[in-house]
*Asks:* 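After the structure tokens below, expect a handful of questions from me.
Heads up: numbering here begins at 1 and tracks the sequence.
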Amino acid sequence: MRLIQVKRETIQENRFGPKMGRLNAKVTYIKKRFLGIPVQTLHKYRETYYGEVKDCKECVLAK
């Protein structure tokens, strides 16, 4: 078993974009894990309705 792993996980999230409003997007998280416990999020990105891949820093979470 490895001590440090890098895993990719995709989940559905409600996001908010200023131009489109609320949208339901697939958000992919790339996380560093130590002994299976998530330690750090290295990167997160989302897939748009049109299939483009964008960084999640462009939109904020819907509240």
*Asks:* Give, for atom CD1 of Ile30 and atom OG1 of Thr41, the distance between the pair rounded to the nearest 0.5 Å.
*Replies:*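 Nearest 0.5 Å value for the CD1-OG1 distance: 10.0 Å.
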*Asks:* Answer yes or no: is there a side-chain heavy-atom contact under 4.5 Å between Val27 and Thr10?
*Replies:*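 Result no, sub-4.5 Å side-chain heavy-atom pair not found.
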*Asks:* Within this structure, what is the CZ-CZ distance for the pair Arg2 and Arg33, rounded to the nearest 0.5 Å?
*Replies:*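 So the gap between those two atoms works out to 14.0 Å.
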*Asks:* For the side-chain hydrogen bond (donor to acceptor under 3.5 Å, both in side chains) test, which of Glu9, Lys7, Glu13 pairs with Tyr29?
*Replies:*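 Single side-chain hydrogen bond (donor to acceptor under 3.5 Å, both in side chains) partner of Tyr29 among Glu9, Lys7, Glu13: Glu13.
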*Asks:* Counting C-beta onward and ignoring hydrogens, is there a side-chain heavy-atom pair between Arg46 and Lys26 closer than 4.5 Å?
*Replies:*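 Arg46 vs Lys26: side chains apart.
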